Structures are given as structure tokens and as C-alpha cells.
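Computed from heavy atoms alone, side chains included, the values below leave out hydrogens, waters and symmetry copies. Remember, it's a predicted structure, so these values are computed and weren't measured experimentally. Start at 1 with the first residue, then count along the sequence.
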Amino acid sequence: MISGETRLVGLLGDPVSASLSPSMQNAAFAARGLDWCYVPLEVKPDGLEDALRGLAALGFAGANVTTPHKRAAAELLGADVPSVNTLVVTREGVRAASTDAAILAELEFEHAAILGDGGAAEAFGAALPQADRYARRGVWPPDVHDVDLVVNATSERDDVLVELPAGKTLVDLPYPATATARAAAANGARVVDGLEVLVAQGAAAFELWTRIPAPVDVMRAAVRSA
């Protein structure tokens with residue numbers, strides 16, 4: 001039930017209708033007994049600045065930012081990172097952060113490569129400044145022989161972008177699994193799929209908004225059963 005006391009968190013993007021974040025975050029709020037509600041808000045690029053101002057005016061507690069607004073939101077809000085996906089609304093204004101790369105805290109690796117040049121790739125690049133970077137509009141094809149972690153932050157689903165053997169790890173951001181992920185799994189590599197990445201970044205965002213521990217198992221169950 002939504003009441004006049006319900007705290008609101010939004011998802012700013014275009015499109016947002018297929019996002020699993022509302023199911024995941026609302027399950028998390030319920031599990032923690034919070035009178036909070038997470039709502040998808042379709043925002044066109046030319047309406048982003050107004051939408052950001054509106055969050056505070058409408059009393060939102062925070063928001064997530066998704067495609068195609070991560071870089072633009074970072075610029076508009078003067079963030080200290082090039083891409084943001086999480087906003088916290090306070091009396092002082094809107095604070096922007098990125099939790100996109102939160103999954104990295106769960107992994108062990110020596111050297112990484114990042115594929116892609118969108119907002120998520122920028123977030124992983126900020127978290128891994130020494131990583132090798134590859135994109136079709138830059139250096140391509142990828143050479144991943146000397147890395148033990150590959151982050152696939154492209155939108156390519158059907159082509160195998162790299163071949164990873166056993167002993168290496170692929171973080172595959174798109175979901176469902178891409179051809180690259182299926183090939184890596186067949187070769188014996190570890191694959192961290194896009195749903196696990198979503199849970200990790202969602203849990204980190206939840207904790208920024210609420211300042212309480214996220215119910216990670218509940219969030220994982222919500223996206224796996226969607």
C-alpha cells in the first residue's frame with residue numbers, strides 16, 4: 001500500500017519498462033519493513049535536467065539512472081565520476097554516485113580488460129583505471145591473453161567477442177546471457193552474469209538510500225524469478 005508517508009525512489013531511463021530493478025528493490029524494501037516504493041520513470045534525453053530537479057521537488061529519497069542518461073546525469077550534477085547510476089536526495093541537493101562496478105568487490109583478479117564505451121564501461125573504467133580498454137570505435141578487436149578478468153559492457157549478444165579459457169573470469173553485463181558468456185562457460189571460465197551484477201549494484205544503491213544493510217538474498221531471488 002502506498003500512503004502519504006511512503007518514501008519514493010525512481011528509475012530514470014529510456015526505456016525502463018523491461019527493467020528488473022523495480023521488482024528487486026520493492027522486494028528489498030518489503031523485506032526490511034520499509035514504507036518505500038521504487039517506480040520506473042521514463043525520461044527522454046531532453047527532459048533529464050527537469051527530471052533531476054523534480055526529484056527533490058517531489059520529495060523523492062533517491063533514484064537510479066540507467067541508459068541513456070548515466071553520463072549526462074554525471075555532468076549535470078557535477079559528479080566526480082564520468083558516469084553515475086545512483087542518486088541520493090538530501091536537504092542539500094542531489095548527490096550522485098556510481099555503484100555499477102560493485103560486483104568487483106566480490107572478485108579476485110590481477111589485471112582486467114573492459115569491452116565497451118557506454119556508461120557502464122565508463123563506471124568500470126573509473127573503478128579499474130589500470131584496465132585495458134577496448135571498443136569498436138577505438139581499439140578493436142580485444143586482446144585478452146594477458147588478463148584474468150574481462151568485463152563485457154557492450155550490448156552485443158550474438159557474436160562471441162573474446163574466447164576465455166578456464167582460470168579466467170567474465171563479468172557479462174547484459175542479460176540474458178550473451179554468446180560470449182556461453183562460450184566462456186563452455187570453455188570452463190567463470191562467468192558472472194548480468195543478473196548478479198544487477199544485484200550487486202542494486203544492493204549498494206539500496207544501502208546508500210536507506211543506510212541499512214541490503215537483503216541481498218531477497219534481491220537475488222526477485223531477479224532470478226522474474
Side-chain angles (χ1 to χ4, degrees), residues 1-30 34-79 81-90 93-102 116-124 153-157 173-176 178 193-210 214 219 222-226:
M1 297 294 293
I2 297 177
S3 72
E5 301 299 320
T6 303
R7 302 295 309 277
L8 295 177
V9 177
L11 172 64
L12 310 181
D14 181 27
V16 293
S17 59
S19 174
L20 298 178
S21 289
S23 297
M24 177 179 69
Q25 296 291 2
N26 284 320
F29 294 150
L34 299 175
D35 183 12
W36 289 47
C37 184
Y38 187 102
V39 293
L41 304 168
E42 184 173 296
V43 177
K44 299 298 181 184
D46 60 1
L48 179 61
E49 187 171 4
D50 288 340
L52 294 174
R53 285 198 299 265
L55 292 173
L58 294 171
F60 274 69
N64 278 138
V65 181
T66 190
T67 304
H69 302 318
K70 293 182 178 185
R71 285 171 167 158
E75 182 176 351
L76 287 167
L77 294 171
V81 290
S83 169
V84 299
N85 78 320
T86 301
L87 310 178
V88 179
V89 181
T90 68
V94 179
R95 178 164 56 91
S98 177
T99 68
D100 271 329
D117 59 0
E122 289 290 349
F124 275 88
T154 74
S155 59
E156 177 57 56
R157 297 182 180 277
L173 270 60
Y175 53 86
T178 65
D193 68 16
L195 294 181
E196 205 60 32
V197 175
L198 176 65
V199 170
Q201 63 91 355
F206 177 97
E207 293 177 359
L208 288 175
W209 299 321
T210 66
M219 300 172 83
V223 300
R224 295 290 177 188
S225 62

For this session: Over all heavy atoms of both residues, which pair between S23 and A222 is shortest? Give the atoms and the distance, please.
Result: O-CB, 4.0 Å
Exercise. After noting the C-alpha distance and the side-chain angles of F206 and V9, does the key distance pass the side chain to side chain contact (heavy atoms under 4.5 Å, CB included) rule?
Worked result: CA-CA 10 Å; F206 177 97; V9 177; over 6 Å; no
Exercise. Only one of V223, L198, V197 clears side chain to side chain contact (heavy atoms under 4.5 Å, CB included) with Y175; which?
Worked result: L198
Seminar exercise, completed: Here the pair of heavy atoms bringing V84 nearest to A73 is CG2-CB, 3.8 Å
Exercise. Which value, rounded to the nearest 0.5 Å, describes the distance between D35 atom CG and S3 atom OG?
Worked result: 4.5 Å
For this session: Can you measure from NE2 (H69) to CG (N85) and round to the nearest 0.5 angstrom?
Result: 13.5 Å
Problem set entry | Side-chain ion pair, R71 and E122, N-O less than 4.0 Å | yes
Exercise. Are T6 and F29 close enough, and set up right, to give a side chain to side chain contact (heavy atoms under 4.5 Å, CB included), and what steps lead you there?
Worked result: CA-CA 11 Å; T6 303; F29 294 150; over 6 Å; no
Problem set entry | Test side chain to side chain contact (heavy atoms under 4.5 Å, CB included) applied to F124 and L173, step by step | CA-CA 11 Å; F124 275 88; L173 270 60; 3.8 Å; yes
Exercise. Are S19 and T66 side-chain neighbours, meaning at least one heavy-atom pair lies under 4.5 Å?
Worked result: no
Problem set entry | Side-chain (E42) to main-chain (S17) donor-acceptor, under 3.5 angstrom | no
Exercise. Nearest heavy-atom pair of Y38 and P22: which atoms, and what distance?
Worked result: CD2-CA, 3.4 Å
For this session: For atom CD of E75, decide whether the heavy atoms of other residues, nucleotides or ligands shown that lie under 6.0 angstrom number more than 12.
Result: no
Exercise. Mind checking whether L52 and V94 have side chains closer than 4.5 Å, heavy atoms only?
Worked result: no
Exercise. Hey, is the main chain of L11 close enough, under 3.5 Å, to the side chain of N64 for a donor-acceptor pair?
Worked result: no
Seminar exercise, completed: d(R95 CZ, T86 OG1) to nearest 0.5 Å is 10.0 Å
Seminar exercise, completed: Closest non-hydrogen atoms of A97 and L208, given as atom of the first, atom of the second and distance, are CB-CD1, 4.3 Å
Exercise. Less than 4.5 Å apart, any side-chain heavy atom of T154 and any of T178?
Worked result: no
Problem set entry | Carboxylate-amine/guanidinium proximity below 4.0 Å for D193 and R224 | yes
Exercise. Does some side-chain heavy atom of L20 sit less than 4.5 Å from a side-chain heavy atom of L195?
Worked result: yes
Exercise. So, does D14 use its side chain to make a donor-acceptor pair with the main chain of K44 at under 3.5 Å?
Worked result: no
Exercise. Of the non-hydrogen atoms in A63 and L55, which two are nearest, and what is the gap between them?
Worked result: CB-CD1, 4.0 Å
For this session: Please round to the nearest 0.5 Å and tell me the distance separating atom CZ of R7 and atom CD1 of I2.
Result: 14.0 Å
For this session: Determine the minimum heavy-atom distance between L41 and G10, stating which atoms define it.
Result: CD1-CA, 4.0 Å
Exercise. Where the side chain of R157 meets the backbone of P176, is there a donor-acceptor pair that is under 3.5 Å apart?
Worked result: yes
For this session: Could you give me the CA-CA distance, side-chain angles and deciding distance for L76 and L48, then say whether side chain to side chain contact (heavy atoms under 4.5 Å, CB included) is met?
Result: CA-CA 9 Å; L76 287 167; L48 179 61; 3.9 Å; yes
For this session: Check whether any side-chain N or O of W209 sits under 3.5 Å from a backbone N or O of V89 as a donor-acceptor pair, and report yes or no.
Result: no
